[in-house]
Amino acid sequence: MRDPIQKLFLYFIVLPALVLAASVCTAGEFKNFLSLEGYTGLLNAPNAEVTDEGKVALLYSDQKEKTFRDLTREDSYIFSFGLLPYFELGGRLTDLPDDRRDLSANFKIKMPFIPEDSYLPDIAFGMQDLGGGAKNFQTKYLVASKEWWRLRFTLGYGFGPDRLDGTFGGLEVKAFDWLYLLGENDAAETNVGVRLVTPEIGGWPVSLQATAKTSLDNQTDHWEFGIGLQFPLGLDRHSQRPLPEKAAATEAGKTAGQTGAIKLSQTFKHPATKTSVPDKVEESKASLLTLRERLISGGFQNVQVGTDPEAAILAVEYENSRYNHNELDGLGVVIGIVTDTVSPDFEILQLIVRVKGIRMLQLTAPLADFREFLKDPEKEGQLDATLEITPYESVDKTVSFLPGSGNPSWLKSELILYPALSTLVGTDFSNFDYLLSLKPDLYVNAWKGAVLNARWDVPLDWTQVFDTGQPFDRRKASQFERLMLFQALKVTPSLMLNLGAGYVLHDTYGTLNELMWTPGSGKHRFEFKQVYLSNTESVVDEKKNVYLGSYRYYFSPLDLYVIGTAGRFLDQDRGYRLELKRFFGDTAVDVYFKDSKTKDDEHVQMGGVQISIPLTPRRDMKPRILQVKGDKDWGYSTETKIVAPGEANLLATSIGVNPTPLYNLERVFYNRDRLTEDYIRKHLLRLRDAYLTYGQ
């Protein structure tokens, strides 16, 4: 069949037939997927949509760019994620014959404040192939898209020079929820294709896509393909589900006869105005012992239970080392145990959160408000209005705690097992090289705030370039690589100090010290770090001094952290590092930029992405003499040097390294920087989810 006849058949028979088939279905929301070029779009042309906020999209494509059609193959590996509303950020690795590879980045910004039900189209601006010495896909573009019924129209203009050089546009037809018909002109060629998408797989929010495309201007019988998937970066733990019937009936019995919540301003802040407390508020010692035993049997440590009968206050102290995805999980389970165990006669519940024996945070609210919130998520606003969250200062002197042991953490140990992964992406040697090892990390609780840390490194698997004598000879035999003593101190309610000294690495002794100030509700944080290292096995007795200061701002509506760090880094380079970090559930995505001058006076800039996840179950084993678990904040990062066109990208360059052991203030004591008033108030429903999941 000749090409003109094929085009007529496609335009006047196939496409109208599929559109007619689509007309029997109701219109629905368009799903957004990656084009074969790496941005959200049609086939090669972008549309005005972005990767959904909080999702990541991965795609493999065998499409040959117009400039590479004389080559035998072209393989592209693409990712994109929705870091912010109206913003996507992506990257692409293109593999060509003869060990030719290209790394590129792209972004797209969708204009906000355009009402969905207006006649105005969505508008977006994007750039492709940012930074890097090689330029193969460079372009800037402005694009508009508008949905009508089961159709989405796109029109845009690109500024090239490599892609989208001129006017482009296209049409997406949603034939079915799982089938999209695509036609476009990408300013160079006219392309048509289809896209198949799956619904969620097995109840998980994961969907697959397959795209097939052919050019009507070049070999119409030749099809090129893309296969990908899309999934959320983190899971939503803000449960709105009701209590199970049995638990709801129990709660109803406990709250019968109550007169409602009592404001703290009436019962706690101003004792002179308190109403008289009935004799029935006196909780029996047996009941308090039952509460303490339930908390201990639930895996909590350093448990103390006390009361102030005159003020109707119940005080509960505990330490959580079992619920390691988020400290709020442990807090929710404790609240559930308390409300399920004690009578409603207490008016006020004080919760004191300990970490390594140090009292870190205090939450105070009417017990009735906690109970009502666990029963009904609609009561979240009521709890938020009466809840006080403060850095711990001191227990009310009128509170009397039960005598005896509350499962102390002294001399108990944690063995944290996690992988260490070092990778090289898109080098002259291969697409992907790696060095994988196991890190057994042992922590022994010595005394309040102090731990003894011992760590080993056990190589497991690696590619050839990491072998001895190869270009990246970094692999060592299994070795004992760390023995340090850390001591954390709470200087004031909002100021903490962490001191560390000993055998820092397999050939280095030194000290690692940090000072952190988190005033007020946690919106701002200031940190100073000092590190001294001495390499005793070096030919020259090499010494390193690190001095770093940093500031962090937290924007609670988006769980967004903006961080700036400056000073002298590990490799003795001087400069700064800027970070934009966002949490999606318990997954943190960190986009960063580094600018520094090396000790050889070379000016270097680098950019990268890091993803951090809890590599351990949401609920770990109970802490005993030895507790074995995974890393609650395991991170993987990849970065590249930013160079001018034509300049070599040397992998040996290292700048902006901030030496941070696992036992640090942010990770251990501040719940990955989430143990603040602003964060807790934003995630009160997480408390309820943990109670419904583990506290029943």
Side-chain angles (χ1 to χ4, degrees), residues 264-265 268-269 300-304 306 308 313-321 323 326-332 334-335 338 348-366 369-370 383-399 401 409 448-450 486-499 513-529 550-556 559 561 563 583 663-684 686-687:
L264 291 182
S265 58
F268 183 69
K269 287 186 174 179
F300 296 100
Q301 299 176 299
N302 297 322
V303 176
Q304 289 198 79
D308 177 2
I313 295 175
L314 173 64
V316 177
E317 289 189 3
Y318 74 95
E319 182 169 321
N320 164 51
S321 62
Y323 300 90
N326 195 319
E327 188 66 42
L328 271 61
D329 289 344
L331 181 60
V334 168
I335 294 171
V338 172
I348 302 300
L349 173 60
Q350 289 183 353
L351 295 163
I352 296 99
V353 180
R354 288 187 179 215
V355 180
K356 299 301 178 184
I358 297 176
R359 296 182 175 99
M360 292 295 300
L361 196 72
Q362 178 171 304
L363 294 88
T364 307
D369 286 359
F370 279 120
L383 175 61
D384 187 42
T386 59
L387 180 64
E388 291 183 2
I389 305 173
T390 58
Y392 177 80
E393 296 184 14
S394 62
V395 177
D396 195 319
K397 293 182 180 180
T398 61
V399 173
F401 288 100
S409 59
K448 182 177 178 180
F486 292 95
Q487 174 67 67
L489 301 167
K490 198 164 190 183
V491 183
T492 70
S494 59
L495 184 66
M496 284 205 70
L497 177 66
N498 187 30
L499 305 173
N513 307 312
E514 55 180 337
L515 182 69
M516 185 178 290
W517 179 40
T518 312
S521 62
K523 192 178 300 293
H524 308 279
R525 189 196 72 190
F526 303 86
E527 183 181 10
F528 175 75
K529 179 177 291 185
S550 70
Y551 166 78
R552 186 270 291 148
Y553 176 80
Y554 172 56
F555 182 64
S556 59
D559 278 337
Y561 299 75
I563 307 167
F583 272 96
Y663 194 82
N664 63 77
L665 294 177
E666 178 182 303
R667 177 187 179 277
V668 176
F669 291 89
Y670 285 100
N671 186 35
R672 299 172 68 191
D673 203 9
R674 297 178 295 171
L675 199 66
T676 61
E677 179 181 355
D678 281 355
Y679 180 86
I680 294 173
R681 290 192 185 278
K682 167 81 185 308
H683 296 276
L684 288 176
R686 173 91 185 221
L687 307 177

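In what follows, residues are counted from 1 in the order of the sequence shown. Nothing here was measured: the structure is a model prediction, and the numbers come from that model.
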Test item: side-chain donor near acceptor, Glu319 and Asn302, under 3.5 Å = yes

ask   = Between OG1 of Thr390 and CD of Gln362, what distance do you get to the nearest 0.5 Å?
value = 5.0 Å

query = Say you draw a straight line from CD of Glu527 to CE of Met496; how long is it, rounded to the nearest 0.5 Å?
reply = 12.0 Å

note = Shortest non-hydrogen pair, Ser494 vs Pro519, comes out as CB-CA, 4.2 Å

task = Check Lys448 against Gly357 and note the closest heavy-atom contact, atom names and distance.
result = CE-O, 3.6 Å

key: Side-chain touch Gln350/Ile313, heavy atoms, less than 4.5 angstrom   = yes

query = Under 4.5 Å between any side-chain heavy atoms of Leu495 and Lys490, yes or no?
reply = no

query = For the residue pair Phe300 and Tyr318, does the interplanar ring angle fall in the parallel (under 30°), tilted (30 to 60°) or perpendicular (over 60°) class?
reply = perpendicular

query = Has the side chain of Asn326 got a donor or acceptor atom that lies under 3.5 Å from a matching backbone atom of Asp329?
reply = no

query = Is there a side-chain contact between Leu361 and Leu363 (heavy atoms, below 4.5 Å)?
reply = yes

ask   = Judged by atom type as modelled, is there a donor-acceptor pair below 3.5 Å linking the side chain of Arg681 to the main-chain atoms of Thr676?
value = no

request  = Taking all heavy atoms of Tyr663 and all of Ala450, pick out the closest pair and write down the distance.
outcome  = OH-N, 4.4 Å

key: Ion pair Glu317/Arg354, N-O distance below 4.0 Å   = yes

task = Show your working on side-chain contact (heavy atoms from CB on, under 4.5 Å) between Ile335 and Leu351 and close with a plain yes or no.
result = CA-CA 8 Å; Ile335 294 171; Leu351 295 163; 3.4 Å; yes

message = Would you say that Tyr553 contacts His524 through its side chain, given a criterion of any heavy-atom pair below 4.5 Å between the two side chains?
response = yes

message = To the nearest 0.5 Å, what is the distance between CG on Leu331 and NE2 on His683?
response = 13.5 Å

request  = Answer yes or no: is there a side-chain heavy-atom contact under 4.5 Å between Asp559 and Tyr554?
outcome  = yes

ask   = Side-chain contact, heavy-atom cut-off 4.5 Å: Met360 with Pro391?
value = no

ask   = Given the rule in the side-chain contact (heavy atoms from CB on, under 4.5 Å) test, do Phe669 and Ile358 qualify, once you have shown the distances and angles that lead to the verdict?
value = CA-CA 9 Å; Phe669 291 89; Ile358 297 176; 4.0 Å; yes

ask   = Are any non-hydrogen side-chain atoms of Val353 and Arg359 less than 4.5 angstrom apart?
value = no

task = List the steps, then state whether side-chain contact (heavy atoms from CB on, under 4.5 Å) holds for Val316 with Ile352.
result = CA-CA 6 Å; Val316 177; Ile352 296 99; over 6 Å; no

message = Would you say Thr398 and Asp308 are linked by a side-chain donor-acceptor pair, where the criterion is simply a distance under 3.5 Å?
response = yes

key: From CD1 (Ile680) to OG (Ser556), nearest 0.5 Å   = 12.5 Å

inquiry  = When you measure from the side chain of Arg674 to the backbone of Asn671, do you find a donor-acceptor pair of N or O atoms at a distance under 3.5 Å?
reply    = yes

query = Looking at CG of Leu497 and CG of Leu515, how far apart are the two atoms once the value is rounded to the nearest 0.5 Å?
reply = 5.5 Å

inquiry  = As an exercise, state the distance from CD1 of Ile389 to OG1 of Thr364, rounded to the nearest 0.5 Å.
reply    = 9.5 Å

query = After noting the C-alpha distance and the side-chain angles of Arg525 and Tyr670, does the key distance pass the side-chain contact (heavy atoms from CB on, under 4.5 Å) rule?
reply = CA-CA 11 Å; Arg525 189 196 72 190; Tyr670 285 100; over 6 Å; no

key: Heavy-atom closest contact (Ala315 atom, Val399 atom, distance)   = CB-CG1, 3.8 Å

Heavy-atom closest pair, residues Arg552 and Thr518 = NH2-CG2, 4.4 Å

ask   = So do Phe370 and Leu383 actually touch side chain to side chain, heavy atoms under 4.5 Å?
value = yes

inquiry  = Using a 3.5 Å distance criterion without hydrogens, assess whether the side chain of Tyr561 forms a donor-acceptor pair with backbone atoms of Asp673.
reply    = yes

ask   = Is the ring centre of Phe583 less than 6.0 Å from the ring centre of Tyr679?
value = no

remark   = Which of Glu514, Gln487, Glu666, Lys529 passes side-chain contact (heavy atoms from CB on, under 4.5 Å) with Asn498? It is Glu514

